[in-house]
Structures are given as C-alpha cells and as structure tokens.
Amino acid sequence: MLRNDAESYGVVTILFHWIIAAIFLGQILLGYLMVRTGNYALQFSLFQWHKSLGFLILLLSGVRLLWRMANPRPRAPDSMSRIERAAAHVAHGFLYIALFVIPLTGWALASSSPLQIPTYAFNLVVIPPLPLTISDQAEALWTASHAWLAYLSAIVAAAHILAALHHHFWKKDIVLLRMLGARRPAPVRPRADPLRIANKDT
C-alpha cells in the first residue's frame, strides 16, 4: 500500500519518516563533531557533508509535505488521550517546521559568513548563497539561531521517540507499529453458535 488510509500509513510516508529521521540524527552528530576536530582538512570535508545533508533534508521535507497534503492522515488510536493527541500534534508540527527552518538558517549562516566558503552539495553542484548581509555580526546571529534550533529540535525529537516507546512497551498499542508498516487489526466478529441458533428457532 503506497498511500495512507484512515487507519494506517502507506509505504511512501513510512520511508519519508525514517529516511529523514536518520539523516536528522546523523546531522546532530556530524554538527557536534565538525566543530571539535583540529584537522582542518577533515573539518572542511565534514562541513561540506553537513551542508549537503542539510539541503537534502530541505528537499525531502518539501516533497514529504506535498505528499502529506495529498494523503489522508490516519486517525489517532483510541488508546491516546486528548492531552496525548494535543502533545503529539504540537510535537509533529514543531518538527515539521524545524526540518525547513534549520536547513534555511544553516544556508543563511554560510551565506552571511565573511569567509564566503562555497557550498559543494555532494561534490556535484555549487549552491549559491542567499542575498544576505555579509558580516561577523550576521554570521554570529545565524550561527546562534541554527545551533539553538538544532538543540531544541533534538530535545523534541527525543521526547517524540520516548513517547513512541511508551506507547509500544507500556500501553502496547499500534502507535509505533503502524510507522513500521503494521496495520490496525480488524475487529474479530464472534462466530455463530449453531446450537444456540437451533435452540432459538425451537
């Protein structure tokens, strides 16, 4: 099943979710490592990979948003309370916005830096800078914005993961399983008892 339905996520949505999640978590680790290495050649390479993956997240998130607009969103499981549904809605909304804003602030950072180091996306194409003011102050502003948004997103993502694990191991519902491709089990109809029917007819 490629598309979502009222009960389950389709294959395309599931792939978007896990691919973007894996790149996002990798970006956090890469961002931490690239500013702490003393090897300048390695640092340049890590920065280029970080920027390349950021543009990939931006592209995939745009396509994912269009796909989501064209697909129904499965209804929340009955096991979720109203507060849980509201919290999940807020967390999902924040993470969706962050997947656009964080790469854009990183692009703004690279564009406003006085160093003006070109961005080579996967060593295939040069990404042009945004038309922003180039100065130390602008670079510092975008650096802080990019870093703090990334840290906050990491916290929200961690809460999202813990909530999914809570649903899976504690509440034992289908919240996590359906993002792994499981479908909501169909209700089991009780089998007719021939003896009871016969007694009723008599």
Side-chain angles (χ1 to χ4, degrees), residues 1-36 50 53-54 56-106 144-193:
M1 182 181 68
L2 294 178
R3 296 173 60 85
N4 302 346
D5 59 28
E7 302 294 336
S8 306
Y9 292 105
V11 173
V12 175
T13 298
I14 292 172
L15 288 176
F16 272 131
H17 177 274
W18 291 112
I19 291 172
I20 293 176
I23 299 173
F24 176 81
L25 294 176
Q27 283 287 76
I28 295 174
L29 177 61
L30 191 56
Y32 177 84
L33 294 176
M34 70 187 191
V35 297
R36 286 167 174 79
H50 186 73
L53 292 172
L56 181 58
I57 287 178
L58 191 60
L59 174 63
L60 290 176
S61 298
V63 179
R64 179 187 184 183
L65 180 60
L66 294 175
W67 180 258
R68 178 176 178 178
M69 292 170 62
N71 279 263
R73 180 175 177 82
R75 67 183 182 90
D78 297 333
S79 59
M80 292 183 67
S81 67
R82 183 176 301 179
I83 295 178
E84 287 177 319
R85 297 182 190 191
H89 181 74
V90 171
H92 290 158
F94 176 85
L95 290 174
Y96 261 101
I97 294 173
L99 290 173
F100 288 96
V101 176
I102 294 176
L104 288 174
T105 55
S145 301
H146 186 67
W148 282 107
L149 282 170
Y151 294 146
L152 182 58
S153 297
I155 294 172
V156 175
H160 176 66
I161 293 170
L162 290 175
L165 294 176
H166 170 75
H167 277 277
H168 184 71
F169 291 106
W170 182 261
K171 304 189 76 170
K172 300 186 184 302
D173 58 25
I174 201 170
V175 167
L176 176 60
L177 288 177
R178 67 179 181 174
M179 190 48 78
L180 295 172
R183 296 179 61 83
R184 188 190 301 269
V188 178
R189 296 182 178 180
R191 297 181 60 185
D193 186 345

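Everything numeric here is computed off the predicted structure, so don't read it as measured data. For the numbers below, each heavy atom of this structure counts, side chains included, while hydrogens, waters and symmetry mates do not.
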Flag the pair Ile57 / Phe100 as yes when at least one side-chain heavy-atom distance between them is below 4.5 Å, and no otherwise. no
So, does Lys171 use its side chain to make a donor-acceptor pair with the main chain of Ser79 at under 3.5 Å? yes
Heavy atoms of Ala98 and Pro103 approach each other most closely as O-CD, 3.6 Å
Glu84 side-chain N/O to Ser81 backbone N/O, donor-acceptor pair under 3.5 Å: yes
Can you check whether Arg75's main-chain N or O pairs, donor with acceptor, with Glu7's side chain at less than 3.5 Å? no
Nearest 0.5 Å, please: how far is CD1 in Ile20 from CG in Leu56? 8.5 Å
Exceeds 12 heavy-atom contacts within 6.0 angstrom, atom CD1 of Ile83: no
Would you give the length of the straight line joining atom CD1 of Ile97 to atom CG of Leu149, rounded to the nearest 0.5 angstrom? 10.5 Å
Rounded to the nearest 0.5 Å, how far apart are CZ of Arg178 and OG of Ser8? 7.0 Å
So Trp170 and His166, would you call those rings parallel, tilted or perpendicular, with 30° and 60° as cut-offs? parallel
Close side-chain approach of Leu53 and Gln27, heavy atoms under 4.5 Å: yes
Going through the distances and angles, do Tyr9 and His17 end up as a side chain to side chain contact (heavy atoms under 4.5 Å, CB included)? CA-CA 10 Å; Tyr9 292 105; His17 177 274; over 6 Å; no
Shortest non-hydrogen contact from Arg85 toward Asp78: NH2-CA, 3.9 Å
In this structure, are over 12 heavy atoms from other groups packed under 6.0 Å from Tyr151 atom OH? no
Gap separating the CZ atom of Arg64 from the CG atom of Leu15, nearest 0.5 angstrom: 11.0 Å
Sub-4.5 Å side-chain heavy-atom contact between Val175 and Met80: yes
Does the pair Ile102 and His146 meet the rule for a side chain to side chain contact (heavy atoms under 4.5 Å, CB included), with working shown? CA-CA 6 Å; Ile102 294 176; His146 186 67; 3.5 Å; yes
Are the side chain of His160 and the backbone N or O of Val156 linked by a donor-acceptor pair below 3.5 Å? no
Within-4.5 Å side-chain heavy-atom neighbours: Val12 and Asn71: no
So how far is it from His168 NE2 to Leu177 CG, rounded to the nearest 0.5 Å? 5.0 Å
Could you go through Ile28 and Tyr32, starting from their C-alpha distance and side-chain angles, then the distance that decides it, and tell me whether this counts as side chain to side chain contact (heavy atoms under 4.5 Å, CB included)? CA-CA 6 Å; Ile28 295 174; Tyr32 177 84; 5.8 Å; no
Working to the nearest 0.5 Å, report the span between OG1 of Thr13 and CH2 of Trp18. 13.5 Å
Is it the case that the side chain of Ser61 and the backbone of Leu58 share a donor-acceptor pair, with hydrogens and angles ignored and the cut-off at 3.5 Å? no
What's the verdict on side chain to side chain contact (heavy atoms under 4.5 Å, CB included) for Arg68 and Phe16, showing C-alpha distance, side-chain angles and the deciding distance? CA-CA 10 Å; Arg68 178 176 178 178; Phe16 272 131; over 6 Å; no
Hey, does the side chain of Asn4 reach the backbone of Arg73 with a donor-acceptor pair shorter than 3.5 angstrom? no
If you look at every heavy atom in Phe24 and Ala154, which pair is closest and at what distance? CZ-N, 4.3 Å
